[in-house]
Amino acid sequence: MDTAIFDKFAQVCSKDLPNEIDKILSDAKGKKVCAIGFITTDDFYGFYLTWDCSNNINEYYEWEKSLNPSFLYQPVVDIVETCDDIDFCNPSDEKWEFAQTLLSVLEKSIKQISEDIFQKSGFKREDILFFSTMSDGDYIQEMMDTSVKMFNTPETLETYGLIS
């Protein structure tokens, strides 16, 4: 897959994601842990952010807190609309490759977030579990499993009981 089509999204994500994470962590201030999910649709038409301060990411679809930042929507839609060779309505190697590339962009942006963003709300980076998945569709569990490993440290995974 030509990763250059993700360049604009990567730039805007690196620039704007810290502000959104800051909003979420300010809301979660005083908690010990916080999970933050990047949720997309089956056809990758953008993301919304959701978060919860419980230790259960398996029920992310019931979380009440969410944000819909425009930089996580239209730039992703623009990318999808240029990928005429991918059938986003059905599972395929191409669709999964798209998902993995998109996750790698998010991974890089998450890892670039300054430690100050976490610390000013009383967190360490390791207190926050980041993940991405679909609200419905073909790759719900695959995206969850892959993103959890990509986005987080072993210490974070241990805190959430995702590794022993």
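In this text, all values refer to a predicted model and were calculated from it rather than measured experimentally.
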Exercise. Can you say whether the rings of Phe6 and Phe98 are parallel (under 30°), tilted (30 to 60°) or perpendicular (over 60°)?
Worked result: tilted

Could you tabulate the donor-acceptor pairs under 3.5 Å formed by side-chain atoms of residues 26-34, not counting sequence neighbours?
residue : atom : partner : partner atom : Å
Ser26   : OG   : Asp22   : O            : 2.9
Asp27   : OD2  : Trp51   : NE1          : 3.0
Asp27   : OD2  : Lys65   : NZ           : 2.8

[atom1]-[atom2] distance between [X] and [Y], expressed to the nearest 0.5 angstrom:
| X | Y | atom1 | atom2 | answer |
| --- | --- | --- | --- | --- |
| Ser70 | Asp16 | OG | CG | 7.5 Å |
| Thr133 | Ile140 | OG1 | CD1 | 6.0 Å |
| Leu67 | Phe47 | CG | CZ | 15.0 Å |
| Tyr61 | Ser135 | OH | OG | 13.0 Å |
| Thr159 | Glu126 | OG1 | CD | 8.5 Å |
| Leu162 | Leu129 | CG | CG | 6.0 Å |

Exercise. Just by distance, do the side chain of Asn152 and the backbone of Lys149 share a donor-acceptor pair under 3.5 Å?
Worked result: no

Exercise. Is the backbone N or O of Phe131 less than 3.5 Å from a side-chain atom of Ser147, with the two atoms forming a donor-acceptor pair by type?
Worked result: no

Distance-only criterion, 3.5 Å: show the donor-acceptor pairs between side-chain atoms of residues 104-118 and protein atoms not counting sequence neighbours.
residue : atom : partner : partner atom : Å
Ser104  : OG   : Thr101  : O            : 2.7
Glu107  : OE2  : Lys111  : NZ           : 3.1
Ser109  : OG   : Ser14   : OG           : 3.3
Ser109  : OG   : Val105  : O            : 3.3
Lys111  : NZ   : Met150  : O            : 3.2
Gln112  : OE1  : Ser14   : OG           : 2.8
Ser114  : OG   : Asp116  : N            : 3.1
Glu115  : OE2  : Arg125  : NE           : 2.8
Glu115  : OE2  : Arg125  : NH2          : 3.2

Exercise. Between Asp52 and Ser54, does a side chain to side chain donor-acceptor pair (under 3.5 Å) hold up when you go through it step by step?
Worked result: CA-CA 6 Å; Asp52 190 72; Ser54 71; 2.4 Å; yes

Problem set entry | Derivation and outcome, side-chain contact (heavy atoms from CB on, under 4.5 Å), residues Leu102 and Phe9 | CA-CA 9 Å; Leu102 196 53; Phe9 174 63; 3.7 Å; yes

For this session: Consider only side-chain N and O atoms of Asn90 and Asp87, and report whether a donor and an acceptor are under 3.5 Å apart.
Result: yes

For this session: Tell me yes or no: between the side chains of Gln11 and Asp7, is some donor less than 3.5 Å from an acceptor?
Result: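 The criterion, which ignores hydrogens and geometry beyond distance, is not satisfied for Asp7 and Gln11.
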
Do you know the tightest heavy-atom contact between [X] and [Y]?
| X | Y | answer |
| --- | --- | --- |
| Leu103 | Phe151 | O-CE2, 3.4 Å |
| Ile57 | Trp63 | CA-CZ2, 3.8 Å |
| Ala35 | Tyr160 | N-OH, 3.4 Å |

For this session: Verify side-chain contact (heavy atoms from CB on, under 4.5 Å) between Tyr139 and Trp96, making sure each step is shown before the conclusion.
Result: CA-CA 8 Å; Tyr139 296 110; Trp96 179 239; 3.8 Å; yes

Below 4.5 Å, heavy atoms only, C-beta onward: do [X] and [Y] meet side chain to side chain?
| X | Y | result |
| --- | --- | --- |
| Gln141 | Asp145 | yes |
| Glu20 | Pro69 | yes |
| Glu59 | Asn56 | yes |

Exercise. CD of Glu64: more than 12 outside heavy atoms within 6.0 angstrom?
Worked result: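 No - once you tally the heavy atoms of other residues, nucleotides and ligands closer than 6.0 Å, there are 12 at most.
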
For this session: Could you please spell out the steps behind the side-chain contact (heavy atoms from CB on, under 4.5 Å) verdict for Lys124 and Glu155?
Result: CA-CA 11 Å; Lys124 298 180 298 184; Glu155 181 181 346; 3.8 Å; yes

Problem set entry | Worked check of side-chain contact (heavy atoms from CB on, under 4.5 Å) between Ile21 and Leu25 | CA-CA 6 Å; Ile21 300 304; Leu25 297 180; 3.8 Å; yes

Under 3.5 Å, sequence neighbours excluded: what are the donor-acceptor pairs made by side chains of residues 36-45?
residue : atom : partner : partner atom : Å
Thr40   : OG1  : Gly46   : O            : 2.7
Thr41   : OG1  : Asp43   : OD1          : 2.6
Thr41   : OG1  : Phe44   : N            : 3.4
Thr41   : OG1  : Tyr45   : N            : 3.0
Asp42   : OD1  : Lys95   : NZ           : 2.8
Asp42   : OD1  : Asp138  : N            : 3.1
Tyr45   : OH   : Glu81   : OE2          : 2.7

